[in-house]
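Structure first, then comments.
A note on names: the letters A, B, ... follow the listed sequences, proteins ahead of strands, and every chain is numbered from 1.
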There are 2 protein chains.
Amino acid sequence: MRQASETFANLPEDKRQRVLDAAIEEFAEHGFQGASMNRLAARLAIAKGSIFQYFGSKEGLFGFAFGRAVELFKGPLKAARERARGQGFFEVLRQSLLAGMEFIAKHPRIHRIYLKMLHNEDFPLRERVLGQVRAASAKYFRPLVLEGIRRGELRADLDPDLAVYVLDTLLDRFLQSLAAAPLDGGLGVFGADRATVERRAAELVEFLRRGLSA
Amino acid sequence: MRQASETFANLPEDKRQRVLDAAIEEFAEHGFQGASMNRLAARLAIAKGSIFQYFGSKEGLFGFAFGRAVELFKGPLKAARERARGQGFFEVLRQSLLAGMEFIAKHPRIHRIYLKMLHNEDFPLRERVLGQVRAASAKYFRPLVLEGIRRGELRADLDPDLAVYVLDTLLDRFLQSLAAAPLDGGLGVFGADRATVERRAAELVEFLRRGLSA
DNA sequence: GTTAGAAATGACCGGGTGGTCATTTCCACT
DNA sequence: AGTGGAAATGACCACCCGGTCATTTCTAAC
């Protein structure tokens, strides 16, 4: 996370929050390149000069606002693993999906920025942020898979690399389906109510448990 | 596909191709919003006015160039299905992955535009193009799954909707991994040589065939 | 009421944007 | 060589961008 000026640090808490919220919204709607500092200032009904006084530049604002936002992601995932402790591989999987859903439901704009960042090369910090996300995912799933094999829940000759990749892929894309209609496929989870999505998540996990082949 | 002016239609074939190629490259590198008509004109070493004479607007250019590009996608997929005819569900799957790889290897910039379009709302024709892609995917996979069940290759109680979704997800994302390092996971296919990628593709299909559970 | 320092302001800057159009260049046909 | 219409041109337009900074406004201590 980049640092903001002392001026910003001295601001009252609610104003700071208002500014960061509006910034996240602007970046979520328009991406980094498309975001407009003029529009942001107008939205906030404060002078553009103030924003530059706080963060120095558009890039500085993004770094600060997004850096603060990703901090929010760490809690829920740990909680999910706690919740499902000792209930087996596939239950941990299901709980992780639910945790992801919950985070997205609570912070949809952060997720949208992440999605835009995936294929938009001109976001600042892109390499670092995406690298961290992927590394965190691998660090999360790999022990899970190894433990699953050890306990006999998963096939002994499973390729862990491939298994981690498939899990990461399916879960990440399932969460993408919640936010982007074209990725929904025939699943019907885009914009669906919570119960429907939870049911589909459980079905997906069940699907993985049973495998494909006859 | 939008239409270009008669002026453009009258141009010699090689110049038309040069213009469209450069346009695809510009959009692939910078997205729709970020693409610059000035830069494009400079690249082509022709006057900006000419481009506007041909296509009327930036949006018109994109519609025409991209519309022509997606036409190229239809052939290889049909060929893949032909090639694997009668060799079973999973062989068709493998051949389809190879066809996707081949297309991306031959037209990487078209694929990049598609990827950018996934999460960038301001592309013209976005809804229509992405909807068509998803529909084509479903239309391709669904009979494959149903046939697989009928022939006893796939579990009889498989949920076809979910199966189609998983196949679409995994294959699409595998192809994304070829083009975007952060999506590679631990797989090692980003930027890898053809043999490596083919091996990984075969492993992925094998993984699907055998399933996860013990 | 005065004052000092922090915070807010918005006119202004250079530069890039998509788009226009009067003018020039080109070329095939007589 | 002359000519008519198609094609190419690039100066120009209004607008918006990220960023600057001299000036004004606010606030709190005395």
Side-chain angles (χ1 to χ4, degrees), chain A residues 2-20 22-27 29-66 116 120-125, chain B residues 2-20 22-27 29-66 116 120-125:
Chain A
R2 306 287 177 75
Q3 56 186 0
S5 76
E6 201 166 323
T7 304
F8 184 72
N10 291 340
L11 255 43
E13 165 66 18
D14 62 333
K15 177 162 185 181
R16 263 183 289 155
Q17 206 52 55
R18 260 191 71 231
V19 171
L20 294 181
I24 290 289
E25 187 163 340
E26 178 71 18
F27 287 120
E29 281 177 10
H30 303 283
F32 180 75
Q33 168 143 214
S36 157
M37 302 298 274
N38 292 312
R39 193 168 37 208
L40 175 59
R43 253 193 229 216
L44 283 165
I46 67 176
K48 180 166 58 157
S50 294
I51 303 179
F52 280 90
Q53 192 135 56
Y54 301 156
F55 306 101
S57 68
K58 187 182 185 178
E59 191 165 328
L61 168 61
F62 179 80
F64 187 85
F66 189 71
K116 283 188 200 299
N120 203 329
E121 294 80 8
D122 57 21
F123 272 93
L125 315 173
Chain B
R2 304 288 177 76
Q3 58 185 1
S5 77
E6 201 165 322
T7 304
F8 184 71
N10 291 340
L11 254 41
E13 165 66 17
D14 62 334
K15 177 162 184 180
R16 262 183 290 155
Q17 206 51 55
R18 259 192 72 231
V19 171
L20 294 181
I24 290 290
E25 188 164 340
E26 179 71 18
F27 286 121
E29 281 177 10
H30 303 283
F32 180 75
Q33 166 142 214
S36 157
M37 301 298 274
N38 292 314
R39 192 168 41 208
L40 175 59
R43 252 194 230 216
L44 283 165
I46 67 176
K48 181 166 58 157
S50 295
I51 302 179
F52 280 91
Q53 192 135 57
Y54 301 157
F55 305 103
S57 67
K58 187 182 184 178
E59 190 165 328
L61 168 61
F62 178 80
F64 187 85
F66 189 72
K116 283 187 198 301
N120 202 328
E121 294 80 9
D122 55 21
F123 273 93
L125 315 173

Starting at atom [atom1] of [X], determine the distance to atom [atom2] of [N], rounded to an integer number of angstrom.
| X | N | atom1 | atom2 | answer |
| --- | --- | --- | --- | --- |
| Lys15(B) | dA6(D) | NZ | P | 17 Å |
| Leu44(B) | dG10(D) | CG | C1' | 16 Å |
| Phe8(B) | dA8(D) | CZ | P | 11 Å |
| His30(B) | dG16(C) | NE2 | C1' | 14 Å |
| Ile51(B) | dC21(C) | CD1 | P | 18 Å |
| Leu61(B) | dG19(C) | CG | P | 10 Å |
| Phe55(A) | dA7(C) | CZ | C1' | 14 Å |
| Gln53(A) | dA22(D) | CD | P | 13 Å |

### Query
Distance-only, no hydrogens or angles: does the Glu26(B) side chain make a donor-acceptor pair with backbone N or O of Met37(B) under 3.5 Å?
no
### Message
What's Ala42(B) touching, base or sugar-phosphate or nothing? Going by heavy atoms closer than 4.0 Å.
### Response
nothing
### Task
Have a look at Ala41(A) and say if it touches a base, only the backbone sugar-phosphate, or nothing, with a 4.0 Å heavy-atom cut-off.
nothing
### Task
Identify, between Glu6(B) and Gly49(B), the residue whose nearest nucleotide on DNA chain D lies closer to the 5' end.
Glu6(B)
### Query
How about Glu13(B): does its CD atom have over 12 heavy atoms from other parts shown lying under 6.0 Å from it?
yes
Presence of [X] side-chain N/O under 4.0 Å of [N] phosphate oxygens OP1/OP2:
| X | N | result |
| --- | --- | --- |
| Ser36(B) | dT17(C) | yes |
| Asn10(A) | dA6(C) | no |
| Tyr54(A) | dA8(C) | yes |
| Asn38(B) | dT17(C) | yes |

Any idea which of [options] is nearest the [X] side chain?
| X | options | result |
| --- | --- | --- |
| Lys48(B) | dG18(D), dA8(C), dG18(C) | dG18(C) |
| Phe52(B) | dG19(D), dG18(C), dA6(D) | dG18(C) |
| Thr7(B) | dT9(C), dA8(D), dA8(C) | dA8(D) |
| Met37(B) | dG18(C), dC17(D), dA8(D) | dG18(C) |
| Ser50(A) | dG10(D), dA8(C), dG18(D) | dA8(C) |

### Message
So, taking the atom named NE2 in His30(B) and the one named CG in Asp122(A), what distance separates them when rounded to the nearest 0.5 Å?
### Response
9.5 Å
### Task
Name the orientation class of the two ring planes belonging to Phe64(A) and Phe8(A) (parallel below 30°, tilted from 30 to 60°, perpendicular beyond 60°).
perpendicular
#### Entry: Between Phe123(B) and Phe62(B), ring centroids under 6.0 Å
yes
### Message
Using a strict threshold of under 4.0 Å (side-chain N to carboxylate O), is an ion pair present between Lys116(A) and Glu121(B)?
### Response
yes
### Task
Using only heavy-atom distances, decide whether a donor-acceptor pair under 3.5 angstrom links the side-chain of Lys58(A) to the base of dG19(D).
no
